[in-house]
Amino acid sequence: MERTTRNGDFATRLIAWHGGHGRHDLPWQNTRDPYRIWLSEIMLQQTQVDTVIPYYARFLARFPDVVSLAAAPVDDVLALWSGLGYYARARNLHKAAQAVVARHGGGFPRSAAEIAELPGIGRSTAAAIAAFAFDERAAILDGNVKRVLCRVFGIDGFPGERAVEQRLWALAEELLPHTGIGTYIQAQMDLGATLCTRGKPACGRCPMADICVALREERVAELPAARPKKAMPQRHAQVAVIVADGTVLLERRPPTGIWGGLLTLPEIPGDSSDPAGWVAARYGLRPGEAKALPVLNHVFTHFRLEITPLLLEVDGHGRMAADADHRWLALDSLADAGLPTPVRRILAELAGSGGDLLSPRGAG
DNA sequence: TTCCGGTAGC
DNA sequence: GCTACCGGAA
């Protein structure tokens, strides 16, 4: 009962607000022609009102009804769409026009369920068309509506997530008024587009301000919840910690890419199953058997790197000469070397172990 | 540079 | 249930 009152409140407030503050003069309003409404809804997907207006006018001038659209070559349709983006919308529009002419003899299907069967028209768009053209009591759930519902009713979770989306659909249906559906749907769109915006919503002018959960709990900025960060690609690398007589071999990386031009631990190719052999072949050293050091994870902006350091000890007398791209760094003077953080960590761990990780002096 | 978004298609 | 689509806006 409490719920019913509050929900009745929602529609009533919305419709009342729309009377004074909604948009009433857009080119696709004040018509009940399903073709014009359909065209506007498709153009308004992913595209803002101001961008759509000139396209809409040009399109209607060339294709005033579904029959003329169906009869046109698809390239003509695409030409009129050029610049709007998401060209699948135009292809589907054309296909759907042909389906309407073929299946319904040019009469537009009159229920949301039938409309939703046309290409390019999903549940929300079908509901909008059915509501505007035929007064069908059907709920919409586009990005604007999701944002409004998440905030007003304090719904947590990412709306792209299945459970959250289902909850929002259920709520949207529950909130539908029994009369004035067209005005209500338009008001929903307008509220999300003009006041309850993503960036800086105008809560001071919002008709929902005194029932809005997000506003009351100061969570307007957090709702709706953002898309969870997708797991970054995970990469793996083996690096050689080649130690000779208290020094470690550093190698300059290629000038571009990660750590471009920096001195780092040599990276052992991932396909090398014999690190000691690889070190021997590449540097002319004769290391003992490789010892795995603790794995270390490093996060970049665009991927995670799991680094497996392999300790390879060589005889101090076998040290190759340093050159521009190779340097033997004393383990007790890490501080003044400009090293990437993970490399510094690995070496600090080694140096800080008090030599526990290293064999007795002179081994190799 | 990153985020956003209906629908289709996987 | 994930991504591509494409342009605009933050």
Side-chain angles (χ1 to χ4, degrees), chain A residues 28 34 37-56 58-59 74-75 77-100 109 112-132 138-151 155 157-169 171-173 185-186 188-202 220-234 299-303:
Chain A
W28 42 86
I37 294 166
W38 169 40
L39 177 62
S40 73
E41 290 302 323
I42 299 299
M43 285 188 166
L44 288 166
Q45 290 171 359
Q46 286 84 38
T47 309
Q48 299 203 333
V49 165
D50 290 345
T51 307
V52 162
I53 287 174
Y55 281 87
Y56 182 76
R58 264 180 271 141
F59 200 97
V74 68
D75 285 343
V77 181
L78 288 169
L80 279 171
W81 208 270
S82 172
L84 267 187
Y86 285 98
Y87 298 97
R89 293 186 293 175
R91 294 180 211 281
N92 283 331
L93 193 72
H94 185 239
K95 257 193 279 181
Q98 296 182 327
V100 166
E114 289 174 289
I115 295 170
E117 303 204 351
L118 294 169
I121 304 183
R123 179 173 174 183
S124 187
T125 302
I129 297 169
F132 290 139
I140 63 166
L141 191 65
D142 63 10
N144 285 334
V145 175
K146 285 178 183 172
R147 190 168 54 248
V148 170
L149 296 185
C150 283
R151 285 176 175 164
I155 292 176
F158 171 54
E161 199 177 307
R162 198 192 179 123
V164 178
E165 176 147 16
Q166 280 179 354
R167 196 174 157 203
L168 289 169
W169 271 114
L171 181 56
E173 305 249 336
I185 296 295
Q186 186 61 55
Q188 270 196 315
M189 294 175 166
D190 290 358
L191 183 65
T194 63
L195 290 191
C196 195
T197 56
R198 186 160 66 100
K200 16 180 189 320
V220 172
E222 289 96 70
L223 296 178
R227 165 187 296 277
K229 299 285 178 205
K230 57 184 168 200
M232 277 181 281
Q234 177 81 56
V299 181
F300 291 90
T301 48
H302 49 312
F303 64 91

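Chain A is the first sequence line, chain B the second, and so forth, proteins listed ahead of strands; every chain is numbered from 1.
Without hydrogens or angle criteria, A:Tyr56 side chain to A:Thr51 main chain gives no donor-acceptor distance under 3.5 Å. Remark: side-chain polar atoms of A:Arg227 are not paired, donor with acceptor, to backbone N or O of A:Gly160 under 3.5 angstrom. Side-chain atoms of A:Thr194 come within 3.5 Å of backbone atoms of A:Asp190 as a donor-acceptor pair (strictly under, hydrogens ignored). Side chain of A:Arg89 to main chain of A:Gln46: no donor-acceptor pair is present (N/O by atom type, distance under 3.5 Å, no hydrogens or angles).
Summarising the geometry, the separation between CD on A:Glu41 and P on B:dG5 is reported as 16 Å, rounded to the nearest angstrom. Following rounding to the nearest Å, A:Gln45 (CD) and B:dG5 (P) show an atom-to-atom distance of 13 Å. What separates CE of A:Met189 from P of B:dG5 is a distance of 15 Å, to the nearest Å. Atoms CG (A:Asn144) and P (B:dG5) sit 9 Å apart, rounded to a whole Å. Atom CE of A:Met43 and atom P of B:dT7 are 16 Å apart (whole Å). Atom CD in A:Glu222 sits about 17 Å away from atom P in B:dC3, given to the nearest Å. B:dT7 atom C1' lies 11 Å from atom CD of A:Glu165, rounded to whole Å. For the pair A:Leu78 CG and C:dC5 P, the interatomic distance rounds to 16 Å; values are reported in whole Å.
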Could you give me the CA-CA distance, side-chain angles and deciding distance for A:Ser124 and A:Trp169, then say whether side-chain contact (heavy atoms from CB on, under 4.5 Å) is met?
CA-CA 10 Å; A:Ser124 187; A:Trp169 271 114; 4.1 Å; yes
Between A:Met43 and A:Tyr55, does a side-chain contact (heavy atoms from CB on, under 4.5 Å) hold up when you go through it step by step?
CA-CA 8 Å; A:Met43 285 188 166; A:Tyr55 281 87; 4.1 Å; yes
Could you please spell out the steps behind the side-chain contact (heavy atoms from CB on, under 4.5 Å) verdict for A:Cys196 and A:Asn144?
CA-CA 8 Å; A:Cys196 195; A:Asn144 285 334; over 6 Å; no
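The two residues A:Pro201 and A:Arg198 come nearest to each other via the heavy atoms CD-O, 4.2 Å.
Summary of the strand contacts: A:Lys95 and A:Lys146 both lie near DNA chain B, and taking for each the nucleotide with the nearest heavy atom, the more 5' one is attributed to A:Lys146.
How far CD1 of A:Ile42 is from CD1 of A:Ile121: 5.0 Å, rounded to the nearest 0.5 Å.
Among the atoms of the strands shown, none is found under 4.0 Å from any heavy atom of A:Gly199.
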Just the table, please: protein N/O against nucleotides 6-8 of chain C N/O, every pair under 3.5 Å.
unit_1	atom_1	unit_2	atom_2	d
C:dC6	O4'	A:Tyr86	N	3.4
C:dC6	O2	A:Tyr86	OH	3.3
C:dC6	N3	A:Tyr86	OH	3.0
C:dG7	OP1	A:Tyr87	OH	3.0

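Contacts with DNA chain B (heavy atom under 4.0 Å) in residues 120-127 of chain A: A:Gly120, A:Ile121, A:Gly122, A:Arg123, A:Ser124, A:Thr125, listed by number.
Out of B:dC4, B:dG6, C:dG1, the shortest distance to the side chain of A:Arg162 is found at C:dG1.
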